[in-house]
Protein chains: 2
Amino acid sequence: MTAAVRCPPRERIIDAARDLFRKHGIKGIGVDAIAEAASSNKMTLYRHFGSKDDLVFVCLQQAASEADAFWEDIKAANPGDARAQLSDWVRRAGEFVTVEHCNCELLDAAAQLMESDHPARQFIEDLRNLYRKRLVELCRAAGAADAELMVDALTLLVEGARTNWRSAGPGGAATRFVKVAEMIVDDFLE
Amino acid sequence: MTAAVRCPPRERIIDAARDLFRKHGIKGIGVDAIAEAASSNKMTLYRHFGSKDDLVFVCLQQAASEADAFWEDIKAANPGDARAQLSDWVRRAGEFVTVEHCNCELLDAAAQLMESDHPARQFIEDLRNLYRKRLVELCRAAGAADAELMVDALTLLVEGARTNWRSAGPGGAATRFVKVAEMIVDDFLE
DNA sequence: TGACAATGTTACCGATCCGTAACATTTATC
DNA sequence: GATAAATGTTACGGATCGGTAACATTGTCA
């Protein structure tokens with residue numbers, strides 16, 4: 001389903017795992033279901049990934065590298081224009097946040113397994129800091145007086161939109177994230 | 001621990017359940033642990049509440065009635081002054097959101113069991129609409145031109161703060177929720 | 001074709017968890 | 001103190017889940 005059947009099982013398993021983690025949560029899906037969705041089986045899953053936690057970690061690493069590409073896209077699409085990059089970030093974040101098949105695994109994973117001592121904790125923590133640093137620099141480059149507080153606002157909005165979308169769906173406040181975020185951006189830049 | 005040992009087991013169980021649901025999530029704690037924390041046992045738990053889902057439902061009902069009291073407090077503390085009530089709402093929401101022993105069970109529960117067909121789904125949905133309606137009216141009374149969008153912003157901020165606090169802790173953006181929210185309020189009211 | 005690696009299949013273990021049965025104990029009420 | 005209700009204790013059933021063992025099958029390369 002998720003991946004073409006004719007690629008190595010390792011990739012099929014990762015794709016299926018990411019899809020199912022997004023849909024049901026990390027603790028909400030079992031390794032059997034992942035293996036089956038990947039048109040594979042539990043044994044080959046455990047031969048490639050020593051444990052479910054390791055599989056989660058690999059999935060997050062892949063999501064992180066895609067997030068890097070996401071960031072590079074924004075810079076490439078609006079070269080030298082920090083303000084335009086910021087607007088583009090808001091627009092793309094809004095797309096990701098309100099789409100079922102979205103790329104917010106990092107946010108979700110953070111909320112799901114931060115309370116336990118998961119091997120991916122430090123990885124997520126580092127990513128969180130990296131993303132914040134990037135966004136602060138972008139806001140500063142766009143002329144924000146208080147870039148730190150601006151990033152606080154954007155962070156809360158995007159995390160809230162993600163949560164709200166999951167629980168309230170298309171009728172909730174998450175669908176107005178872009179509108180709200182653009183307003184906040186304008187407010188901070190003038 | 002949670003409640004005085006000398007009150008009926010039903011209350012002790014509810015208190016313990018709410019405490020443990022907050023700390024570990026609804027799916028993250030078992031009925032045995034709840035019964036033990038209540039200085040009771042699983043049998044009396046199941047004699048008072050037919051199932052774990054029913055217990056969850058009762059806990060949410062109790063949290064909802066406390067939320068009503070929270071709302072009444074705000075109105076009583078700032079009689080007739082919608083603007084002051086709004087500031088008070090922001091301040092108190094900030095307290096709730098960034099405290100370990102907080103009253104955001106409704107938000108958390110919504111995020112945790114909205115993806116399944118839980119008996120409390122409709123209850124939470126109705127509460128969500130009620131709280132939104134109240135907040136919209138308050139924003140309108142305070143003079144907001146676009147009260148709906150203002151409530152969208154506040155909703156995303158408070159849900160984001162709740163999520164961020166759980167995953168990022170005291171060092172995260174959630175600790176600046178009040179600052180951000182006050183700024184948004186000012187921005188919408190002028 | 002032969003040999004070896006990768007993958008698939010089945011079955012199982014141990015732990016956890018929701019829920020119940022049967023029986024013992026305490027508490028309250030008359 | 002007797003009676004009945006509420007509560008506590010132990011054990012168990014059924015289901016799910018992470019993880020492993022043993023063996024069969026397929027694919028690859030010489």
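Just so it is clear: chains get the letters A, B, ... in the order the sequence lines come, proteins before strands, and each one is counted from 1.
Counting only distance, with no hydrogens or angles, the side chain of Lys52(B) and the backbone of Ile26(B) share a donor-acceptor pair below 3.5 Å. A donor-acceptor pair under 3.5 Å is formed between the side chain of Asn41(A) and the backbone N or O of Thr44(A). Checking side-chain atoms of Arg12(A) against main-chain N and O of Ser39(A) turns up a donor-acceptor pair under 3.5 Å. In this structure, Asp54(B) contributes its side chain and Phe49(B) its backbone to no donor-acceptor pair below 3.5 Å. Side-chain atoms of Thr163(A) do not come within 3.5 Å of backbone N or O of Gly160(A) as any donor-acceptor pair.
Closest to the side chain of Thr44(B), from the set dG8(C), dG19(C), dG8(D), is dG8(D).
Look at Arg12(A) and you'll find a side-chain N or O under 4.0 angstrom from OP1 or OP2 of dG8(C). Ser51(A) has no side-chain polar atom (N or O) that falls below the 4.0 Å cut-off from OP1 or OP2 of dG18(D).
One atom, CG of Leu55(B), and another, P of dG19(C), lie 10 Å apart when rounded to the nearest Å. One can place NZ of Lys52(B) at 15 Å from P of dT20(C), the figure rounded to the nearest angstrom. Across the protein-nucleic acid pair, Asp32(B) atom CG and dC18(C) atom P stand 7 Å apart, rounded to whole Å. Separating the CG atom of Leu45(B) from the P atom of dG19(C) is a distance of 10 Å, rounded to the nearest angstrom. Between Lys27(A) atom NZ and dT16(D) atom C1' there is a gap of 15 Å when expressed in whole angstrom units. Following rounding to the nearest Å, Phe49(B) (CZ) and dT20(C) (P) show an atom-to-atom distance of 15 Å. Atom pair Asn41(B):CG and dA6(D):C1' shows a separation of 11 Å (rounding to whole Å applied).
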Please enumerate all protein N or O atoms sitting under 3.5 Å from an N or O of nucleotides 20-25 of chain D, with distances to 0.1 Å.
none

Any protein N or O atoms within reach of nucleotides 4-6 of chain C? Criterion: under 3.5 Å, listing atom names and distances.
none

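Looking at Asp81(A) and Gln85(A), their side chains never bring a donor and an acceptor atom within 3.5 Å of each other.
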Checklist entry - What's the verdict on salt bridge (Lys or Arg N to Asp or Glu O under 4.0 Å) for Asp88(A) and Lys75(A), showing C-alpha distance, side-chain angles and the deciding distance? => result CA-CA 9 Å; Asp88(A) 208 16; Lys75(A) 291 208 291 186; over 6 Å; no

Item to check | Test log, rule side-chain hydrogen bond (donor to acceptor under 3.5 Å, both in side chains), inputs Arg91(A) and Ser87(A) | outcome: CA-CA 6 Å; Arg91(A) 187 182 57 78; Ser87(A) 292; over 6 Å; no

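Shown here are the salt bridge (charged side-chain N to carboxylate O under 4.0 Å, His left out) partners of Glu148(B), two or more places apart in sequence or in another chain: Arg132(B).
Among the protein residues, Ile29(A) comes within range of the sugar-phosphate backbone only, with heavy atoms under 4.0 Å from sugar or phosphate atoms but none that close to a base. Nucleic acid contact for Ile13(B): none, since no nucleic acid atom lies under 4.0 Å from a heavy atom of the residue.
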